[in-house]
There are 2 protein chains.
Amino acid sequence: MKTEKISDAVVRRLPVYLRFLNELSRREVPTVSSQELGQKLDLNPAQIRKDLAYFGDFGRKGIGYDVPYLIEKIRQILNLDQQINVALIGAGNLGQALSNYNAYVKDNMKIVAVFDSSPAKIGTMINNIEIQPIEELIETVKKKNIRIGIITVPDVEAQRVADQLIEAGIGAILNFAPIIIKAPAEVRVHAADFTTDLMSLAYYLDGGKETTNDDSKMAD
Amino acid sequence: MKTEKISDAVVRRLPVYLRFLNELSRREVPTVSSQELGQKLDLNPAQIRKDLAYFGDFGRKGIGYDVPYLIEKIRQILNLDQQINVALIGAGNLGQALSNYNAYVKDNMKIVAVFDSSPAKIGTMINNIEIQPIEELIETVKKKNIRIGIITVPDVEAQRVADQLIEAGIGAILNFAPIIIKAPAEVRVHAADFTTDLMSLAYYLDGGKETTNDDSKMAD
DNA sequence: TAGATTGTTAATCGATTAACAATC
DNA sequence: TAGATTGTTAATCGATTAACAATC
């Protein structure tokens, strides 16, 4: 175990490991090697061993990793050995879809408050949570010990919402709006805008030009 | 302009540039420097210049980049100068939310088919598109020249759906299911599972341990 | 014991940043 | 012209992979 600081690339792989380990656990597989993990997750086994070794000696030479033990350790590393309260800001289509995902709950992440600016929505229930006006954001985040905010408001409102989350002392933000959120260094922000992802995928298409490849016009 | 192969990191930044350039265009800003872009997008100006220079000499020394021209060029690079047909597989909450986003349309990406395995949903309309049974996936992808598939089915079905997309000759896949999709090298797959993202954010919280910081026990 | 697999160091590979000549 | 800013090379930084001694 070292005391270097851990890169974001490493941290982002931990949930991927955890996810698959949970599946192994469900199937009651007792141990797993970096080899097997790498195969299943399309990663280099050395990288997996190195990632895990940043945090401790979790494996056993000649054997591999004990599945339940490694699950426990990764959950500790990710702070998921305690409930993490999450706020959702923006109860539109996407926000509603996310709130319905209760996948987080088993991972100890729970949406405990939902906010929206539309008067029509305020007071209505979404997944057993009453939608609150954004004016109550700061107070509620403090009162309910909310650590992460998920932003699903339109882009023009996103930075304003982020500023309020930051003022309320949020720890991290998952931003679905298609803008770059500005935040102080101590507040981690991840971009989750899938339209950006989708556009980058288009790059890898060969342009659909197979059928329209008319070279005769390219003589100038 | 070089003929090196372009890294995914570069490709993923292009839509971010495009997004902001579109905003500048709306505000009728005629030119922009790498300096300004970097400031707004939290990126190093040298990196932006380098990214763009992979594809051509788009800027003018002493001036910067012409906004409309750069927009046109990036759209060409991303194949977004033509309509890209997209299929959505999985008409659950998330799928419905994504289908309602018509942000893609202005970027020339259009969902032209939606599939689901639930008999109750088949035949119903979602955003003006009739939900089809998954059995029709392969045929429809071919017939409608669909290039990208968005997978929003439950994890146990995701690989099966991907296999069918691949069989139908899809170019790229955006996968929202929390599993690693296996695909041949020529089919690009991006992971878009936000629960993974959310879990990695939890790492950056200081564990809610601010109040439990009892140094007296650390003397060993 | 023999085979397997870790943890870790060293080697490699790739991406970011600094610096600056070219030039608008 | 003087100031600004690109495109590009070189320097730096960081992440991935290979290799292997340690050991179960």
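Keep in mind that what you see is a predicted model, and the values were worked out from it rather than measured. So that the names make sense, note that chain A is the first sequence line, chain B the second, and so on, each numbered from 1.
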Revision key, fill the gap. Sorted by chain and residue number, the side-chain hydrogen bond (donor to acceptor under 3.5 Å, both in side chains) partners of B/Asp197 (sequence neighbours excluded) come out as A/Arg12, A/His190

Exercise for review: Let me know the distance between NZ of A/Lys61 and P of C/dT6, rounded to the nearest Å.
Suggested key: 10 Å

Practice item. Just jot down the side chain to side chain contact (heavy atoms under 4.5 Å, CB included) partners of B/Val112, sequence neighbours excluded, or say none. Key: B/Gln83, B/Asn85, B/Lys110, B/Lys144, B/Ile146

Practice item. Quickly work out the A/Leu52 CG to C/dT5 C1' distance and round it to whole Å. Key: 13 Å

Revision key, fill the gap. Hits for side chain to side chain contact (heavy atoms under 4.5 Å, CB included) against B/Glu157, two or more places apart or cross-chain, chain-then-number order -> B/Ser117, B/Val153, B/Pro154, B/Arg160

Practice item. Indicate whether any N or O donor in one side chain lies under 3.5 Å from an N or O acceptor in the other, for A/Tyr17 and A/Asn22. Key: no

Point to revise | B/S/- contact track for nucleotides 10-18 of chain C, protein heavy atom under 4.0 Å | key: -----SBBB

Exercise for review: Go through the structure and list residues passing side chain to side chain contact (heavy atoms under 4.5 Å, CB included) with B/Lys61, not counting sequence neighbours.
Suggested key: none

Check your understanding: Got a sec, which residues hit salt bridge (charged side-chain N to carboxylate O under 4.0 Å, His left out) with A/Lys40, two or more places apart in sequence or on another chain?
Key -> none

Point to revise | Pairing stems for DNA chain D [at least three consecutive pairs; Watson-Crick or G-U; under 3.5 angstrom] | key: C:3-24 with D:3-24

Review point. Are side-chain N/O atoms of A/Gln96 and A/Ser99 paired as donor and acceptor at under 3.5 Å?
Key: no

Can you give each donor-acceptor pair under 3.5 Å made by side-chain atoms of residues 163-173 of chain A, sequence neighbours left out, with the distance rounded to 0.1 Å?
| from | atom 1 | to | atom 2 | distance (Å) |
| --- | --- | --- | --- | --- |
| A/Asp163 | OD1 | A/Gln159 | NE2 | 2.8 |

Check your understanding: Which residues in residues 27-36 of chain A have at least one heavy atom lying under 4.0 Å from any atom of DNA chain C?
Key -> A/Ser33, A/Ser34

Practice item. Please list, by residue number, the residues of residues 62-72 of chain A whose heavy atoms come closer than 4.0 Å to an atom of DNA chain D; answer none if no residue qualifies. Key: A/Gly62

Check your understanding: For A/Pro178, does its backbone N or O pair with a side-chain atom of B/Arg19 as donor and acceptor, under 3.5 Å?
Key -> yes

**Study point:** Non-neighbouring partners of A/Arg26 that pass salt bridge (charged side-chain N to carboxylate O under 4.0 Å, His left out), sequence neighbours left out
**Key:** none

Exercise for review: Send over the distance from A/Phe55 CZ to C/dT6 P, rounded to a whole Å.
Suggested key: 17 Å

Check your understanding: Has the side chain of B/Asn175 got a donor or acceptor atom that lies under 3.5 Å from a matching backbone atom of B/Ile179?
Key -> yes

**Study point:** Pair B/Tyr204-A/Asp8, side-chain donor/acceptor within less than 3.5 Å
**Key:** yes

Check your understanding: Looking at residues at least two apart in the chain, or sitting in another chain, which of them share a side chain to side chain contact (heavy atoms under 4.5 Å, CB included) with A/Asn93?
Key -> B/Ala97, B/Asn100

Check your understanding: Nearest of D/dT8, C/dT5, C/dC24 to any side-chain atom of B/Asp57?
Key -> D/dT8

